[in-house]
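Quick note: residue numbers are just sequence positions, from 1.
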Amino acid sequence: MTITKPPQLSFSAASSPLCSLKGSLLTVAVLTFLSLFYLSLNSLRTPPPSPIALESTIHVPQTKDETYSDVYHSPDSFRLNYAEMERKFKIYIYPDGDPNTFFQTPRKVTGKYASEGFFFKNIRESHFRTLDPEEADLFFVPVSPHKMRGNGTSYEDMTVIVRDYVDGLIAKYPYWNRTLGADHFFVTCHDVGVRAFEGSPVMIKNTIRVVCSPSYNVGFVPHKDVALPQVLQPFALPAGGNDVENRTTLGFWAGHRNSKIRVILARVWENDTELDISNNRINRATGHLVYQKRFYRTKFCICPGGSQVNSARITDSIHYGCVPVILSDYYDLPFSDILDWRKFAVVLRERDVYDLKQILKNITQSEFVSLHNNLVKVQKHFQWNTPPVKFDAFHMIMYELWLRHHVIKY
């Protein structure tokens with residue numbers, strides 16, 4: 001019996017490379033599948049990287065002007081809106097009025113009403129001014145009560161001068177009637193400045209008032225009007241700051257008792273051993289710049305309202321690095337819709353004056369250091385320059401006006 005063997009399969013030499021290629025591809029495919037399967041399982045177990053970790057690996061260049069911190073209510077909004085203001089905002093200055101009388105130019109840019117003078121000067125030095133009223137966002141009414149006061153003009157005559165000037169602008173130009181004056185503004189820092197406009201009720205009611213005495217219990221409207229910081233320039237001494245170790249006095253105030261809160265402050269604390277409270281201004285005969293030098297040695301500088309809610313002592317305190325303690329009811333603080341004052345100042349009610357020392361002593365050293373450091377960050381906002389400098393007092397006022405021009409409907 002013969003057994004027949006099954007036929008044997010044989011491959012020629014030419015078919016061997018094809019087999020080898022197919023095997024390699026199959027191996028690669030299997031390995032790729034296993035790799036993807038492993039990565040998929042691993043991704044389910046591993047959380048995504050946190051935003052903080054990502055940010056730490058990304059370098060975002062910062063310029064020296066882009067120092068936005070939590071002293072602002074909304075740092076990002078301020079940064080973006082400020083940049084837009086710089087690009088787009090335009091102001092038209094009415095050309096009417098003799099500069100040699102009460103219009104167009106400032107009386108001076110020194111003294112406790114310097115803020116009014118600096119604005120009159122800065123607006124002409126800045127790129128915000130336009131000579132074309134058709135491209136203007138706002139219109140500046142350039143009448144200066146400070147110049148009237150310096151000339152000895154009576155209050156009654158001031159109201160007539162302002163009324164006649166405004167009536168003339170309304171009759172001559174078409175721009176007032178588009179908004180009944182809502183896109184117009186005036187600037188005054190003198191105590192009688194607002195009263196000088198009372199002869200023109202439409203100016204009080206409709207226009208944006210930029211004033212140093214923004215008391216919202218006597219007609220100041222915070223969402224419409226603007227608080228102008230009262231700055232006594234030039235400063236007698238350089239700016240203070242980053243010097244907390246030198247500040248050994250708890251609190252300091254010296255000044256005239258020309259308001260109820262100042263009378264109470266002096267009566268309650270004048271003889272205290274920890275608070276340096278003087279019943280009157282420091283006599284210059286006691287030494288050169290003794291008053292200003294006390295700011296350098298003090299942690300908290302008391303800033304009670306005077307004849308008005310405002311006081312140049314607030315910006316003095318900021319300049320010299322002394323944390324201001326605000327004791328003035330109804331005061332709409334300058335730039336309060338931009339800056340968080342509680343990050344660099346102590347804001348109290350006038351009735352807190354009786355507990356003043358304990359309130360200040362309850363502030364820990366670390367809290368004081370934080371207030372002081374933040375104070376240094378905002379010093380540039382309370383400084384006037386000529387020509388104006390980015391982020392200085394002029395630009396902050398312009399930013400306030402920029403915010404308000406958005407709500408005006410034509």
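Checked by atom type and distance alone, the side chain of His372 pairs as donor or acceptor with a backbone atom of Asn242 at under 3.5 Å. Trp176 places no side-chain N or O within 3.5 Å of a backbone atom of Asp167 that could act as its donor or acceptor partner. Using a distance-only test at 3.5 Å, with no hydrogens or angles considered, no donor-acceptor pair links the side chain of Tyr165 to the main chain of Val141. At least one donor-acceptor pair closer than 3.5 Å links the side chain of Lys224 to the backbone N or O of Thr207. No donor-acceptor pair under 3.5 Å is formed between the side chain of Ser336 and the backbone N or O of Asp332. The main-chain N or O of Arg262 is never found under 3.5 Å from a side-chain atom of Trp253 such that the two would form a donor-acceptor pair. Looking at Gln379, its side chain does come within 3.5 Å of a backbone N or O of Ile318 through a donor-acceptor pair. Of the possible donor and acceptor atoms, one in the side chain of Glu116 sits under 3.5 Å from a partner among the backbone N and O of Cys189. A donor-acceptor contact shorter than 3.5 Å is absent between the side chain of Arg297 and the backbone of Asn246. A donor-acceptor pair under 3.5 Å is formed between the side chain of Thr315 and the backbone N or O of Ala312.
Listed here is the closest heavy atom pair of Pro75 and Ser69: CG-O, 3.2 Å. In terms of heavy-atom proximity, Arg209 sits nearest to Asp225 at N-OD1, 3.1 Å. Between Gly111 and Leu232, the shortest heavy-atom contact is C-CD1, 3.2 Å. Of all non-hydrogen atoms in Ile397 and Pro229, the two that sit nearest each other are CD1-CD, 3.9 Å. Looking at every heavy atom in both residues, Ala393 comes nearest to Phe335 through O-CZ, 4.2 Å. Here the shortest heavy-atom pairing between Ile277 and Ala266 reads CG2-CA, 4.2 Å.
A donor-acceptor contact closer than 3.5 angstrom links the side chains of Trp384 and Ser115. Side-chain contact check for His395 and Asp392: at least one donor-acceptor pair (N or O, by modelled atom type) lies under 3.5 Å. For Tyr94 and His184, the side-chain atoms include at least one donor-acceptor pair closer than 3.5 Å.
Asn206 is not listed as a side-chain neighbour of Thr179, based on a closest heavy-atom distance of 4.5 Å or more. Side-chain contact between Thr386 and Phe394: absent, with no pair of heavy atoms (C-beta onward) separated by less than 4.5 Å. Counting heavy atoms from C-beta outward, Tyr296 and Leu237 have side chains that approach closer than 4.5 Å. Side-chain atoms of Lys377 and Phe344, non-hydrogen and from C-beta on, never get closer than 4.5 Å to each other. Within the 4.5 Å cutoff, side-chain heavy atoms of Trp402 are placed close to those of His405. Residues Arg247 and Asp243 are in side-chain contact: their nearest non-hydrogen atoms beyond the backbone lie under 4.5 Å apart. Between Phe119 and Leu228 there is no side-chain heavy-atom pair separated by less than 4.5 Å. Contact annotation: the side chain of Tyr175 approaches that of Glu134 to within less than 4.5 Å [non-hydrogen atoms, C-beta and beyond].
The aromatic rings of Phe391 and Phe78 sit tilted relative to each other, their planes meeting at an angle between 30° and 60°. Aromatic ring pairs are classed by plane angle as parallel below 30°, tilted from 30° to 60° and perpendicular above 60°; the pair Tyr291 and Phe295 is perpendicular.
Rounded to the nearest 0.5 angstrom, Ser200 OG and Leu169 CG are separated by 9.5 Å.
In this structure, the ring of Phe220 has its center no less than 6.0 angstrom from the ring center of Tyr331. The six-membered or imidazole ring of Tyr72 lies near that of His381, with a centre-to-centre distance under 6.0 Å. If you look at Phe185 and Phe139, their ring centroids are not closer than 6.0 Å.
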**Item:** Step-by-step salt bridge (Lys or Arg N to Asp or Glu O under 4.0 Å) determination, Lys361 to Glu274
**Value:** CA-CA 10 Å; Lys361 292 184 73 172; Glu274 295 179 274; 3.3 Å; yes

**Request:** Could you give me the CA-CA distance, side-chain angles and deciding distance for Arg404 and Asp337, then say whether salt bridge (Lys or Arg N to Asp or Glu O under 4.0 Å) is met?
**Result:** CA-CA 11 Å; Arg404 283 153 179 76; Asp337 49 353; 3.6 Å; yes

**Request:** Please step through salt bridge (Lys or Arg N to Asp or Glu O under 4.0 Å) for the pair Asp316 and Arg313, ending with a clear verdict.
**Result:** CA-CA 5 Å; Asp316 281 346; Arg313 185 172 284 100; over 6 Å; no

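Shown here are the ring pair (Phe, Tyr, Trp, His ring centres under 6.0 Å) partners of Tyr155, two or more places apart in sequence or in another chain: there are none.
Applying the side-chain hydrogen bond (donor to acceptor under 3.5 Å, both in side chains) test between Thr105 and each of Lys121, Arg124, Lys147 identifies Lys147 as the sole match.
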